[in-house]
Amino acid sequence: MKDTISALLEEALASLKQQGLVPDDVSPSFKVDPTKDKAHGDYASNLALMLAKPAGKKPRDVAEALVQALPATDAVSKVEIAGPGFLNFFAATDAVAQIVPTILNTGDTFGRSMRGTGEKVQVEFVSANPTGPLHVGHGRGAAIGDCLCRLLEATGYDVTREFYYNDAGAQISNLALSVQARAKGLTPEDPSWPADGYRGDYIVDVANSYLAGETIHADDQHVTGAADADDLEAIRRFAVAYLRREQDLDLKAFGVEFDVYFLESSLYRDGKVEQAVQRLIDNGHTYEQDGALWLRTTDFGDDKDRVMRKTDGGYTYFLPDVAYHLDKWQRGFKQVINEQGADHHSTVTRVRAGLQALEADIPQGWPDYVLHQMVLVTRSGEEVKLSKRAGSYVTLRDLIDEVGRDATRYFLAARRADSQLTFDIDLARSQSNDNPVYYVQYAHARLCSVMRKAETDGMPFDRELGFANLAQLEADQEKALMNRLARFPEVVEHAALNREPQQVAQYLQDLAADFHTCYNAVKVMVEDDALRNARLALGLATRQVIRNGLDLLGVSAPEEM
RNA sequence: GCGCCUAUAGCUCAACCGGAUAGAGCAACGGCCUUCUAAGCCGUAGGUUGCAGGUUCGAGUCCUGCUGGGCGCGCCA
């Protein structure tokens, strides 16, 4: 419908140009938007307002000329000029209702497009260090990242989900020392406990498993505990494998799976870190100072230069990051999105600066970043800070176990990444109308119930009869619902291109509200065969779109509640 | 001190490339179940979009300055 109106306006615009009312070189990016107020029709355009200045006329006069020039069509029943010069389009009921067969004929693919034309996109997200269980912040990253991937896939991109494991840095040495200390029976209270050691109870589990000689299956590798508390290297390998497996299990329980697990250690093993260093030195962007090797990132917008090789010969985390991103580029990803916590935002400038310094024809501003703000968890109005297992933070596993996968995913993905999120456990658990997840799922279950009723009453949906009588869907609530359904594809595209999964959640709540309103206003199971089947068709279409939308969020669509 | 994010109804949040009278839910108040799931619906009330300027036909949205909140400013990641 929106496209139809845009096309009509394009023709009218061409006609005005021909008449000499508008200069030929004007091609405004005008909008055709759904109206907020029914009095303004179904769609409104600002084209006349955009043309007023170049045409040297009053907006309303331009609007008048546009209306005159609009080609005839039976999709639109009425066009009005309103306000400062908006064109209000009233869609013909028949035309609006055509969305119903469109949805039912395309089914699961309704809302999908080939906008991305199969282009490769990589989304890196979660990327937690294998030093402990995933926390709520990782959960937010997982929910946002995975929904983004689903949106991009629905928009026609070839998506790779990637998880980067920092398995080579100082944090890992720290982990090994902590597990070793536990294996030797030390506790964090002991004076010889390693400085900055990990204190959570899970370290005890790792140590016990190691001492018991258990075998860990993580990814493609199997690591068996050497049971030797003095073999720090064996402890390190075992602990990393153990925690990676644990994180994988949590992510699986959350419905998130990755295509590629990229290990930081592989960058060292394959010489990619060395190559990156050499390239930066060769390009003349480095200098030695205080016994360290620095990269002049200030040449590329950073506020201070950064150390890349420490006085002890080791590299700072930032250098493998640069090497890693060069590798992404060389793998052919013209589009890369990094989803991370905003507490790491300082790496954005740094990594981009490092990539520019490589002089590898990587565009400025590559890669994209989606940064999410902190998550605060509350219960009974109080902040929850501790979990026994992890110590100082709430784990993703805690949330999934307590409130369920659907509610956890929905809550973590339904807010703009930019704003801080308060995760209210009581609200997420509540099976009541103040819980948005249930509100949407209930709409789906209710529709399933209607369909079941149609079957059991011996009046199953007759597709041909339904499609033939869609013009009978004349109630305001039905028109509003159909207009909402028609918007789904643009919502998907918009959410994908702007990297804003929360728009899908917002849309679903609006759609569910439109449906519930309709449900209360209009009875589906009426005697009149024609009318009943038209309404069943609308119901099925609504159910399909709710299902498609929930699927983009990775949330289930229950048939009964 | 500097950088990034943020401020919208009592609360939690929306608002598509700048569009018409800023929208939902919760909480409050009043209604709707002998009829397809009341986990629902209808209605009432609730706003100087943090403050002050600017840009223009038009600003919650863009620009500048302030104020409050979060995060960051390591040879940690």
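A note on names: the letters A, B, ... follow the listed sequences, proteins ahead of strands, and every chain is numbered from 1. The structure presented is a predicted model; accordingly, all values stated were derived computationally and were not measured.
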task: Mind jotting down which residue pairs meet the salt bridge (charged side-chain N to carboxylate O under 4.0 Å, His left out) criterion with at least one end in residues 514-524 of chain A? Sequence neighbours excluded, please.
output: A:R484-A:D514

Could you pull out the protein-nucleic contacts involving nucleotides 28-35 of chain B (nitrogen or oxygen on both sides, under 3.5 Å)?
unit_1	atom_1	unit_2	atom_2	d
B:U35	O2'	A:K523	NZ	2.7

Dot-bracket encoding of pairs in RNA chain B, which uses [ ] for pseudoknotted crossings and | for another strand, Watson-Crick or G-U under 3.5 angstrom: (((((((..((((.....[...)))).(((((.......))))).....(((((..]....))))))))))))....

message: Which residues pass the side chain to side chain donor-acceptor pair (under 3.5 Å) test with A:R60, not counting sequence neighbours?
response: none

Between the protein and nucleotides 9-12 of chain B, which nitrogen or oxygen pairs come in under 3.5 angstrom?
unit_1	atom_1	unit_2	atom_2	d
B:U12	O2'	A:R415	NH2	3.4

message: So, using side chain to side chain donor-acceptor pair (under 3.5 Å) as the criterion, who are the partners of A:K310 when residues are at least two apart?
response: none

- request: Provide the full list of ring pair (Phe, Tyr, Trp, His ring centres under 6.0 Å) pairs with a residue in residues 300-321 of chain A, sequence neighbours left out, each pair given once.
  value: A:H285-A:F300

field: side chain to side chain donor-acceptor pair (under 3.5 Å) involving A:S127 - partner list, sequence neighbours excluded
entry: A:E124

- line: A:Y519 meets the ring pair (Phe, Tyr, Trp, His ring centres under 6.0 Å) criterion, sequence neighbours left out, with A:F515

Short heteroatom pairs, N/O only, protein and nucleotides 17-20 of chain B, under 3.5 Å:
unit_1	atom_1	unit_2	atom_2	d
B:C17	OP1	A:H494	NE2	3.3
B:G19	OP2	A:K31	NZ	2.9
B:G19	N7	A:N46	ND2	3.3
B:A20	OP2	A:K36	NZ	3.1
B:A20	N6	A:N88	OD1	2.4
B:A20	N1	A:N88	OD1	3.1
B:A20	N1	A:N88	ND2	3.1

- request: Could you note down all residue pairs passing salt bridge (charged side-chain N to carboxylate O under 4.0 Å, His left out) where residues 418-427 of chain A supplies at least one of them, sequence neighbours left out?
  value: A:R416-A:D418

- line: Across all chains, not counting sequence neighbours, the side chain to side chain donor-acceptor pair (under 3.5 Å) partners of A:E10 are none

